[in-house]
Amino acid sequence: MSVNPERLKKDFPIFSNNPDLIYLDNAATTQKPSSVIRAVSDYYATINSNVHRGVYKISEEATEMYEGSRKKVSEFIGAREPAEIVFLRNTTEAINLLSYTLGRKLKKGDEVLLTEMEHHSNLVPWYFLREAGIVIKFAKMKADFTLDYEDFQDKLNTRTVIASFTEVSNVLGTINDVRELSNMCRENSTISIVDAAQSVPHMSVDVRAIGCDFLAFSGHKMLAPAGIGVLYGRKDLLDRMHPFLGGGEMIGEVDYNGATYADVPWKFEAGTQNVEGAVGLSAAIDYLKSIGMDSVREHERSMIDHIFKIMDTIGDLRQFGPMDSGKRGGVFSFNIGDVKPFDLLNQSNTKFAISHSIHPHDLAAFLDRNNIAVRSGHHCAMPLMGRMGVSSTARVSPYIYNDERELDLFFDALSNCRKEMAR
Amino acid sequence: MSVNPERLKKDFPIFSNNPDLIYLDNAATTQKPSSVIRAVSDYYATINSNVHRGVYKISEEATEMYEGSRKKVSEFIGAREPAEIVFLRNTTEAINLLSYTLGRKLKKGDEVLLTEMEHHSNLVPWYFLREAGIVIKFAKMKADFTLDYEDFQDKLNTRTVIASFTEVSNVLGTINDVRELSNMCRENSTISIVDAAQSVPHMSVDVRAIGCDFLAFSGHKMLAPAGIGVLYGRKDLLDRMHPFLGGGEMIGEVDYNGATYADVPWKFEAGTQNVEGAVGLSAAIDYLKSIGMDSVREHERSMIDHIFKIMDTIGDLRQFGPMDSGKRGGVFSFNIGDVKPFDLLNQSNTKFAISHSIHPHDLAAFLDRNNIAVRSGHHCAMPLMGRMGVSSTARVSPYIYNDERELDLFFDALSNCRKEMAR
Amino acid sequence: MNDEVYTEILLDHYRSPRNYGSVENPSAQITEHNPLCGDTVHFSLKVEGGKIVDIKFVGQGCSISQGAASILTELVKGKSVAEVQAITDADFLKILGIRLGPNREKCALLSLNALKKAISTKNV
Amino acid sequence: MNDEVYTEILLDHYRSPRNYGSVENPSAQITEHNPLCGDTVHFSLKVEGGKIVDIKFVGQGCSISQGAASILTELVKGKSVAEVQAITDADFLKILGIRLGPNREKCALLSLNALKKAISTKNV
Ligand SMILES: Cc1ncc(COP(=O)(O)O)c(C=O)c1O
Ligand SMILES: Cc1ncc(COP(=O)(O)O)c(C=O)c1O
C-alpha cells in the first residue's frame with residue numbers, strides 16, 4: 001500500500017484550520033491526527049486517574065490502558081517483552097538516564113564512543129562524564145556524509161565501555177547501519193545505544209534484529225503528544241542498573257533507613273506518569289501501523305528522490321547528505337551559497353564579509369510568508385555544523401502528509417527568494 | 001465567592017460520562033475541566049510545533065504560548081520573574097533535579113534535613129546521596145500529627161546544607177508552616193526546598209512570602225495534564241547550579257570538546273518540551289483563578305469540617321491528622337479498626353491475627369461498587385505509615401467538584417461496608 | 001461482600017485462614033510484600049522427596065491477598081515442586097474464581113509468586 | 001523582502017554594513033552568539049570621557065542580526081555609556097521598525113545585548 005498524503009492530510013485538524021500550511025519541519029516535531037487528539041481527550045473524559053495504585057474501576061482501566069500502550073510499543077519495535085519498555089519524556093531524557101546510571105560504573109580513562117553526526121542530546125549527557133575523567137571519542141564522518149565504519153571499529157578498544165550512535169542523522173538524513181555497529185560493539189563487549197529519534201517514526205525498526213542493548217525515541221516525532229518518549233533496554237541490563245529518578249511508584253519498600261526498588265520497568269518510572277501521553281502514543285502507533293512502516297519509508301524515499309530531481313534548478317544550492325535515497329531518511333539540509341562559520345580574524349580582513357549567500361534564517365522567514373514551514377539553524381548539532389564548514393543550514397523534512405506538489409511549491413518559493421534577495 | 005461544586009461539576013466531562021462517579025482521590029490526581037482539554041486539543045489543531053527555534057509563524061506562536069504559560073505560573077506563585085520557573089514532568093523530577101545538582105556539592109558528613117511525613121518523592125532522591133556519605137535526618141512528627149518545630153530547629157546544624165519539607169502532608173493533611181521553616185533554614189544558611197504538590201493546587205501560595213529557595217509542584221494535581229510540573233528556584237541559585245539533563249535546547253555552544261549552557265530557565269529544559277502540557281497548565285490556572293484560591297481553600301476546609309461532624313457515626317473509625325481544619329488541608333486518612341503492620345514474630349503467635357478490622361483495600365473495593373473512588377494503601381509514604389503504626393490507610397481527598405452530599409453518601413457506604421464485612 | 005468481586009470461598013478463607021502459622025524447621029521460607037499496597041505474606045514449608053509435605057503462612061493485608069494465601073496452602077500441599085512451578089497466574093486466578101483489574105490482581109498473585117520464588121531456591 | 005518582516009533600511013544595512021571591521025586598541029570588545037541559531041556579532045569600541053567615540057562590528061548571520069548590528073553602531077556613536085545602557089529592548093525594536101515573534105526577536109536583540117555587556121565591564 002502506498003501513502004496517499006492528500007487523504008491522510010484530512011486526518012490532521014491543523015491542516016483544515018490552516019489549509020495553506022505546508023509543514024516541512026517533521027524532523028523537529030510532527031502534527032497530530034484526530035485519532036491521537038481524540039484518544040487523549042477521551043481519556044480525560046472517561047477514565048482519567050492515577051495508575052497502578054487505585055483499586056477503583058477508572059484507575060484499573062487507566063492502568064490497563066497505560067500498560068497496554070507499553071505492550072503495543074514493545075511489539076512495535078520487536079522487544080522481547082513489555083518490561084523492556086520504559087516510558088520517559090523524550091529521547092533526551094532516555095539518553096541522560098543512561099549516561100547517569102551507566103556512568104556510575106565508569107572509571108577514569110574509560111571511553112564512550114560517539115559519532116561526529118550526533119544530536120546535542122547524544123553528546124552533552126556524555127560530556128558531563130568528562131568531569132570524572134571519562135574520555136569521549138568520535139567516529140568520523142566521511143566526505144560523502146556517511147559514517148566511517150572503519151574508524152568506528154578502530155576506535156572501539158578495550159576501554160570502550162559504551163558506544164552511542166544515531167540511526168538516522170537529523171541533519172544529513174544519513175542512515176547508519178546500526179545492526180553492524182551494534183555487532184561491532186557486542187564483539188568488543190561494549191554497551192550499544194541507538195538514538196532512534198529519527199528512525200522509529202520513519203521506518204520499521206526491530207530491536208532484536210538490530211541487536212542493540214538500548215534504543216531511544218520520542219513520541220512527538222511520530223504523531224504522538226510531546227512529553228512521552230521511550231527507552232528500550234535489554235531486560236537483564238535494566239535489571240542490574242541503579243535507578244535514575246527516585247520517588248513514588250519506583251520503590252519496593254521504604255523506611256527511614258533506606259529503600260528497595262520496584263521491578264523493571266517501573267523502577268525507572270518515578271512519580272506520576274504521563275498516562276495520557278502513553279495513550280496518545282498508542283493511538284499514534286495504531287495510525288502508523290494502519291499505513292505500514294514500510295510504506296512510510298517508501299514515501300519519504302520518493303520525496304527525497306523528487307527533491308534530488310529538482311534541486312539543481314536552484315543556483316548555488318548546496319545540499320548536505322548522501323546522494324543515495326536508499327541510504328538516506330526523509331531529511332534534506334541545504335544552503336544557498338556559502339554560510340560560513342564566524343571567524344573573527346578572517347571576518348575582520350574584509351569589508352565585504354557578508355556575501356551574497358542567503359542566510360538560512362532569512363530563507364525560512366521568506367518561505368514562512370508563503371506558509372511553508374522549514375527549519376533553519378544548527379539543528380542541535382553544532383559540532384557537526386563545524387565539520388560541515390557551515391554555521392547553519394536550512395532543512396526540509398517531509399512526512400506522510402506531504403506530497404510532491406508541496407515540494408514543488410517549496411522550490412518555487414526558494415527560487416523567488418533568490419530573486420528577491422538578489423535585488 | 002464561595003465554591004459551587006454542582007455548577008463546577010458541569011465543567012468536567014468525566015462527570016457527564018459517569019454521572020454517578022464520586023471521585024474522592026484528588027490528592028492522587030484531579031479531573032480535567034473542558035477548558036483544559038480544549039486548550040490542549042486546540043493547540044494540536046492550530047499551532048502545534050517545536051518551540052524556541054522555528055522562525056515560522058506557528059512556531060513563534062507556540063513559543064509565545066509556552067513562555068506565556070511560564071509567566072502565568074510565575075505570577076500565580078509570586079515568583080520575581082518567569083526565569084525562576086522551570087518546566088519539568090512533575091514534583092518528583094523537580095526534587096530529583098535538586099538532589100542530583102545540589103548533591104554534586106555535598107561532602108561526606110554533610111546533612112540533609114527532611115521530616116517524618118514526607119512522600120517517597122521527597123525521600124528516595126535524598127537517600128541516593130547516602131552512598132556518598134551524606135547523612136539524612138528527619139524532623140519528628142508529634143502525637144497530634146503536626147510537625148515538631150523544635151525538633152526541626154534542633155536538627156538544623158552547621159552541617160545541614162539542605163532541608164526539604166512538604167507544605168501539606170498527602171496522608172495527614174497537616175499544613176506545615178513553611179514560612180517559619182524556611183526562616184529557620186535561612187538563619188542557618190541552609191537551602192530550603194518546599195514540596196508544594198499538595199498545597200499549590202489547594203490554597204494560595206506565594207514563594208516570596210514563604211521565603212524558600214526552591215518549591216515544586218505537579219500540574220496533574222491541579223486540573224492540568226500529567227507530564228507537566230514546575231520547579232520554582234531563586235534565580236541566583238539556579239544560575240549557579242550545574243545543569244541536570246544535557247541535550248538540545250539547554251546549550252549555549254557545543255563543539256566536540258565541550259559545551260556551554262543556556263541561560264536559566266532553559267538550562268534545565270533539555271530536549272523537546274511538553275508544550276501542550278504547559279498550555280494545559282496555563283488553562284488550569286485560569287480556571288482556578290476564576291474560582292479564587294482562597295475560595296478553593298475555604299471549600300476544602302468546609303469539607304473537612306463536615307467529615308469531622310459525621311465521622312463518629314462510624315464505629316471503630318480511626319482518623320490520622322490534626323483535628324483543627326484550619327491547620328489541615330483537604331485530606332482525610334482513616335481506618336476501620338486496627339490495620340497493623342506485618343510483624344513476623346507476633347504474627348506467628350496467634351491463629352487469629354486477622355482481626356475484624358476492615359483492610360483499606362477491601363474498603364476501597366466495596367466503595368467502588370458504589371461508584372466512590374477513594375485511595376487505599378501507603379500513599380507513597382511508607383516510613384510515615386510505620387510511625388503511625390499502620391500498614392496502610394484509606395484516604396478521602398475532596399476538591400472543588402465535591403460536595404457534602406457526596407461525603408454523606410461516602411459515609412453511608414462506609415457504614416454499609418461495616419455491616420457486610422461483619423456478617 | 002459482592003460475589004462479583006469476592007467469592008464466598010475467598011472470604012471464608014480470609015475470615016478463617018487455613019494452615020495459619022509457621023512450619024518448624026522449614027526447608028524454605030519467604031516473606032513477600034506487595035509494593036503497591038503493603039500486603040504481606042510469609043510462607044514456611046517442608047519439602048521431602050521433591051514434594052511439599054507441609055506448608056503454613058502468616059500475613060497481613062486485604063481479603064484477597066490473605067484469602068488467596070490460605071487457598072494456596074491447601075492447593076499445593078502434597079504437590080511436587082515441579083507441579084507448583086507449573087501453576088500459571090491465569091490458573092490461580094481461575095481457582096480463586098475472581099476477575100480483577102491489573103492493580104488488584106497483584107494482591108491475588110502475591111502468594112503464588114512468593115511461593116514459586118521460595119521453592120526455586122537451590123536448597124529445596 | 002517583505003516590509004512586514006524586514007524594512008528596507010534594515011536590508012540596506014545588511015547588504016552594505018556600516019562601521020564594518022575592528023577598532024584599533026579598543027577600550028572594549030566582545031563576541032556574542034545567539035545560541036538559538038548561531039548568529040554571531042563582534043563589537044570593538046573606543047570609549048573616551050564616558051562617550052563611545054568609535055565603534056565597529058563584524059559578524060555572521062541573518063539579515064536581522066547583521067543589519068541590526070550595523071544600525072546599532074550608527075545609533076550609539078557619540079552617545080554616553082549611560083545613554084546606551086538606557087536603550088531598552090522595546091526602544092531598539094522600534095528603531096528597527098520590525099515586529100517579530102519571540103524566536104526571531106533574539107536575532108534582533110543580539111547586538112544590543114552584546115554591546116551593553118561590553119560597556120558594563122569595569123574598564124570602560
Ligand atoms: C506531598 C507529595 N509530594 C510529592 C508527590 C509526587 O508528585 P508527582 O507524582 O506528581 O511527582 C505527591 C503526589 O504524589 C505528594 O502528595
Ligand atoms: C537524532 C536526534 N536525537 C535526539 C533528538 C532529541 O529528541 P527530543 O528533543 O525529543 O528529546 C532529536 C530531535 O530533536 C534528534 O533528531
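Lettering follows sequence order; numbering is per chain, from 1. The model shown is predicted, which means the values in this text are computed figures rather than measured ones.
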Would you please name every residue forming a side chain to side chain contact (heavy atoms under 4.5 Å, CB included) with A:A62, sequence neighbours left out?
->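 In terms of side chain to side chain contact (heavy atoms under 4.5 Å, CB included), with neighbours along the sequence ignored, A:A62 is linked to A:Y43, A:I47, A:S49, A:V51.
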
Looking at every heavy atom in both [X] and [Y], which two are closest together, and how far apart are they?
X      : Y      : value
B:G246 : A:P125 : O-CG, 3.4 Å
A:S376 : B:V55  : OG-CG2, 4.1 Å
A:S41  : B:S41  : OG-OG, 3.5 Å
A:Y256 : B:R387 : OH-CG, 3.4 Å
B:G258 : A:R130 : N-NH1, 3.5 Å

If I measure from the heavy atoms of chain A, does [X] come under 4.5 Å with its side chain, its backbone, both, or neither?
X      : answer
B:E60  : neither
B:T30  : backbone
B:L367 : neither
B:F15  : neither
B:M385 : neither

So, are B:E276 and A:K32 salt-bridged, with charged N and O less than 4.0 Å apart?
->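 A:K32 and B:E276: not salt-bridged.
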
Contacting moiety of [X], where chain B heavy atoms sit under 4.5 Å:
X      : result
A:I58  : side chain
A:V374 : backbone
A:R104 : side chain
A:R38  : neither
A:F12  : neither

Rounded distance (nearest 0.5 Å) linking atom [atom1] of [X] with atom [atom2] of [Y]:
X      : Y      : atom1 : atom2 : value
A:Y127 : B:D255 : OH    : CG    : 6.5 Å
A:D42  : B:N17  : CG    : CG    : 8.5 Å
B:S34  : A:Y44  : OG    : OH    : 13.0 Å
B:Y23  : A:N48  : OH    : CG    : 6.5 Å

Greatest number of heavy atom pairs closer than 4.5 Å to chain A - which of [options]:
options                        : answer
B:S59, B:S99, B:G277, B:G54    : B:G54
B:T29, B:V254, B:V124          : B:V254
B:H242, B:E118, B:H119         : B:H242
B:T91, B:N122, B:I37, B:V275   : B:I37
B:G227, B:G386, B:G229, B:G377 : B:G227

Top contributor to chain B interface from A:N90, A:L245, A:L384, A:N257 [non-hydrogen pairs under 4.5 Å] = A:L245

Can you tell which of A:L123, A:L21, A:D25 has the highest number of heavy-atom pairs within less than 4.5 Å of chain B?
-> A:D25

Under 4.5 Å between any side-chain heavy atoms of [X] and [Y], yes or no?
X      : Y      : answer
A:N50  : B:R375 : yes
B:T272 : A:S218 : no
A:H378 : B:R53  : yes
B:N274 : A:N274 : yes

B:K57 side-chain N/O to A:D368 backbone N/O, donor-acceptor pair under 3.5 Å | yes

Does the ring centre of A:F128 sit less than 6.0 Å away from the ring centre of B:F244?
-> no

